[in-house]
Asks: 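This is the structure I want to talk about, given as structure tokens.
Atoms within a ligand are numbered from 1 in the order they appear, just like the ligands themselves. On a predicted model such as this, the values are computed, not experimentally measured, just so you know.
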Amino acid sequence: MKILLLGSGAREHALARALASDPATTELVIAPGNPGTANVGTNLHIDPSAPEEVVDLAAQMEADLVVVGPEAPLVAGVADAVREAGVPCFGPGAQAARLEGSKAFAKEVMAAAGVPTAASVACSTPEDLRAALDRFGAPYVVKEDGLAAGKGVVVTSDRDAALEHGLACLAREGGCVVVEDYLDGPEASVFCVSDGATVRALAPAQDFKRLGDGDEGPNTGGMGAYTPVGWAPADLAERVVREVAQPVVDEMARRGTRFIGLLYCGLALTREGLRVVEFNVRFGDPETQAVLARLTSSLPQLLHAAATGHLGGVPEPTWSNQAAVDVVLAAPGYPGTVTTGGRVTGVEAAEALEGVHVLHAGTSRDEEGNLVASGGRVLSVVAVGADVAAARARVYEAVARIHLDGAQYRRDIAAGR
Ligand code: GLY
């Protein structure tokens, strides 16, 4: 199978690694990729959000499957264009991608599908926003309606801070902001693969969204993750399929916008039961880096079956009994103004440890071929071990071998799990 994978983060490096290691994959092109994906496939520099560039490349390489990593190409209609060109694509079309692209749309679909989530109000004026903040009270949950790379959500007990964030969202073009009830309970992510009718869940994971230890500091794109989630009910994945993903997939089909791809279900396990915190329409980052480290069945077979409407004919994914933990190493300044260009050393030394691999995200090579930081989240360091504690010990041993001046990482990923 010839596969074109779009994206350039650590999630895509994890996908590329899992796709390339399967004998079903005969050729893997990553566009644009990063220095890590260059080790497992061929990087080609196109704009992954430009439908015609993606279609041309897929035709040129005679791709059997296009896998879309990030959300931006999906919202831009890349999956629609690839399917129209007759190439199977793992990723929803632009209409279905609105489940991530608009929080208000996701809430509407959940209401129609009877999926449990927090009560919410979509606001388009400062007056509506103030009224909604007063209606729900503290802690205030204020979410930018559109895509914000994980940084559009503010949860705070400070009404002024909530109002300030909401007003900033409203000031942007097409400004709309969703204010919702606070969901009290631990969170987990369950990725559900669908061909538009059948749904298969992957192993649950937990991510860490805040920059600092103890969940302090600003929201980020994600600072680490682990799997399995031992504290969650053993039947969590089945329940998410039954109570969340299948009803949403069925509702999208009823609307004539079949959901083909990955429905990321971000969940809170509250005292009242399972509640959806958010949907994304692609693999989560950094959870994917941990989840794929435990996958023992074929990823290309799973994604191709979803893209071609044959998911029902593929067995449930299988998992190693090991645990996996990943820790994100971020550049100085992240998630604000990032300092790039710092030299990254020690990756090989980290990978010399048993059960450890290092995934690239914001890295590039300088003129001498040295690895340097070129983005906010620079690396995801992944370790597997007999249990979460063993994987955690290994991952931090590996992180200690990597150096980047001013690097930031959390010391409490998977702590106490
Ligand atoms: N882990 C959060 C995300 O992928 O958006």
Asks: Tell me, do D215 and R410 make a side-chain contact under 4.5 Å, heavy atoms counted?
Replies: yes
Asks: Does at least one non-hydrogen atom of F283 fall below 4.0 angstrom from an atom of ligand 1?
Replies: no
Asks: Any N/O of D285 closer than 3.5 Å to an N/O of ligand 1?
Replies: yes
Asks: Suppose I only count heavy atoms of N280 and a 4.0 Å limit; which atoms of ligand 1 are within that range?
Replies: 3 (C), 5 (O)
Asks: Run the side chain to side chain donor-acceptor pair (under 3.5 Å) test on D145 and S102 for me, step by step, so that the C-alpha distance in whole Å, both residues' side-chain angles and the decisive distance to 0.1 Å come before the verdict.
Replies: CA-CA 5 Å; D145 183 55; S102 166; 3.1 Å; yes
Asks: Got L269 and W231 here, is their nearest side-chain heavy-atom distance under 4.5 Å?
Replies: yes
Asks: Pair E108, R255 - check salt bridge (Lys or Arg N to Asp or Glu O under 4.0 Å), show working.
Replies: CA-CA 12 Å; E108 184 211 312; R255 292 174 182 226; 3.0 Å; yes
Asks: Select one of side chain, backbone, both or neither to describe which atoms of R282 lie under 4.0 Å from any atom of ligand 1, heavy atoms only.
Replies: side chain
Asks: Hey, mind stepping through T257 and Q95 against side chain to side chain donor-acceptor pair (under 3.5 Å) and telling me if it holds?
Replies: CA-CA 6 Å; T257 47; Q95 281 304 316; over 6 Å; no
Asks: Any idea which atoms of ligand 1 are less than 4.0 Å away from a heavy-atom of D207?
Replies: 1 (N), 2 (C)
Asks: As an exercise, identify every atom of ligand 1 less than 4.0 angstrom from a heavy atom of G284.
Replies: 4 (O)
